[in-house]
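We count residues from 1, following the sequence as given. Small disclaimer: the values here were computed from a predicted structure and weren't measured.
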Amino acid sequence: MMRLGVKTTGSIMLLLTAIIWGCSFVAQSEAMDYMGPLTFQAARSFVGGAVLVPVLLLAGRGRKKYHAPQQMQQSGGGRKKLFLAGTLCGVVMFAAAMLQQYGIAFGTSGGKAGFITATYILLVPLFGLFRGKKVTLKIWICVLAALCGLYLLCITGGFSFAPSDGIVLLGAVFWALHILVIDHLAPGLDGISLSCIQFFVSGVLACVGMFLFETPSWQQILDGWVTIAYVGILSSGVGYTLQILGQQRTAPAVASLLMSFESVFAVLGGIVVLHQIPTAREWVGCTLMFAAVVCAQIPGRRERRIAAEPAQ
């Protein structure tokens, strides 16, 4: 049976993430009809963390069954690193999600917010330069092509920049930081545990804001339970966990390109669910993004040479 390479496995995980996130846009917008952004963020975060708890318990039982006790014991330093990484990821994710949601609430259209948010595909390699992460010319070209595709896909009229757009752009900065934090801290850690911690941290922060700035009620949760369950289980519990697992196997610049494909899947989801037929402009945007993502996956000369070298 053919075994997939590490990079291929990571790319598949990130594409699945993009599919899940793209199909969640409709559910997220519907949730705002029932509750405030902070209430929704708290609910989806706690659901996302809760669905991972049984997975962690089952994984723990499996390790106890098949490994010796001394192999199971994790150092205090390792647990501390996992907790700190999960906490930092949760704080950054909360900030990114809230800035994006409030930018939309203050006037930025969904399509425009999607384009501005997706500029993290440019911000990730730019910020990575400060950490010594080199990006090839091919990846830069792919990033620019993807941004052009996103513009055609998300911006239907003229482009102007309003104050609410600045809030969304600040959210994009935090989404880029979220990717880079995972890239820096996730290697060597249990991805599911890391994801679970970040959800509960984000949920606690959202709860604090919810009681300070909103008037939540159980009726709001009950009215929107379908969207909360869908987004909490799939977009949060499954999607963000796949993001962490995929990023452990993929360079951050390529990972951001793959995840930006959520805009394409949002359009495709509109065809299937809402029977919305894309315009020629949107088809060109989808094609540009698809070409950019495929090109980014093609190994360059150096990568082919390294792959061809015999293992020592």
Side-chain angles (χ1 to χ4, degrees), residues 14-15 17-18 21-22 24-25 28-29 89 92-131 133 135-184 235 239-240 243 246-247 250-267 281-282 284-293 295-296:
L14 293 170
L15 275 177
T17 301
W21 287 350
S24 297
F25 278 136
Q28 286 181 242
S29 61
C89 286
V92 176
M93 183 176 72
F94 168 76
M98 287 298 93
L99 286 166
Q100 181 189 55
Q101 198 64 50
Y102 275 106
I104 294 173
F106 291 152
T108 301
S109 66
K112 195 176 183 182
F115 171 72
I116 295 173
T117 298
T119 56
Y120 66 71
I121 67 175
L122 179 62
L123 296 173
V124 167
L126 280 175
F127 291 164
L129 293 176
F130 294 101
R131 294 179 51 225
K133 293 276 187 179
V135 181
T136 64
L137 177 61
K138 181 189 73 173
I139 296 299
W140 282 116
I141 293 173
C142 290
V143 166
L144 293 175
L147 281 174
C148 290
L150 281 164
Y151 183 86
L152 294 174
L153 200 59
C154 301
I155 307 299
T156 55
F159 187 86
S160 60
F161 202 80
S164 59
D165 301 336
I167 298 175
V168 178
L169 182 60
L170 186 57
V173 171
F174 275 92
W175 284 125
L177 291 174
H178 186 250
I179 292 172
L180 292 172
V181 167
I182 292 173
D183 176 67
H184 182 64
S235 180
Y240 283 104
Q243 177 198 359
Q247 275 197 241
T250 311
V254 176
S256 65
L257 273 173
L258 289 164
M259 288 186 289
S260 72
F261 227 53
E262 65 180 295
S263 298
V264 174
F265 289 117
V267 171
R281 176 191 180 99
E282 290 173 327
V284 173
C286 288
T287 303
L288 264 176
M289 287 197 66
F290 180 77
V293 170
C295 181

The side-chain hydrogen bond (donor to acceptor under 3.5 Å, both in side chains) partners of Thr119 (sequence neighbours excluded) come to none
Could I get the full list of side-chain hydrogen bond (donor to acceptor under 3.5 Å, both in side chains) partners for Thr17, not counting sequence neighbours? none
Please name all residues satisfying side chain to side chain contact (heavy atoms under 4.5 Å, CB included) with [X], sequence neighbours left out, ordered by chain then number.
X: Phe106; answer: Tyr102, Ser164, Ile167
X: Ala255; answer: Leu14, Gln247, Thr250, Met259
X: Val92; answer: Leu88, Phe174, Leu177, His178
X: Ala176; answer: Tyr120, Leu123, Val124, Phe127

Using every non-hydrogen atom in the two residues, find where [X] and [Y] come nearest and quote the distance to one decimal.
X: Ala146; Y: Leu257; answer: CB-CD2, 3.6 Å
X: Leu288; Y: Ala145; answer: CB-O, 4.0 Å
X: Val168; Y: Gly103; answer: CG2-CA, 3.6 Å
X: Pro252; Y: Leu180; answer: CB-CD2, 4.2 Å
X: Gly171; Y: Leu99; answer: CA-CB, 3.7 Å
X: Ile179; Y: Ser256; answer: CD1-CB, 4.1 Å

So CD1 of Ile121 and CH2 of Trp175: to nearest 0.5 Å the spacing works out to 15.5 Å
Out of curiosity, Leu144 CG to Leu122 CG, how far, rounded to the nearest 0.5 Å? 6.5 Å
Does Ile139 reach the side chain of Pro125, with side-chain heavy atoms less than 4.5 Å apart? no
Going by salt bridge (Lys or Arg N to Asp or Glu O under 4.0 Å), name the pairs with one or both residues in residues 167-183, residues two or more places apart or in two chains. Arg131-Asp183, Lys133-Asp183
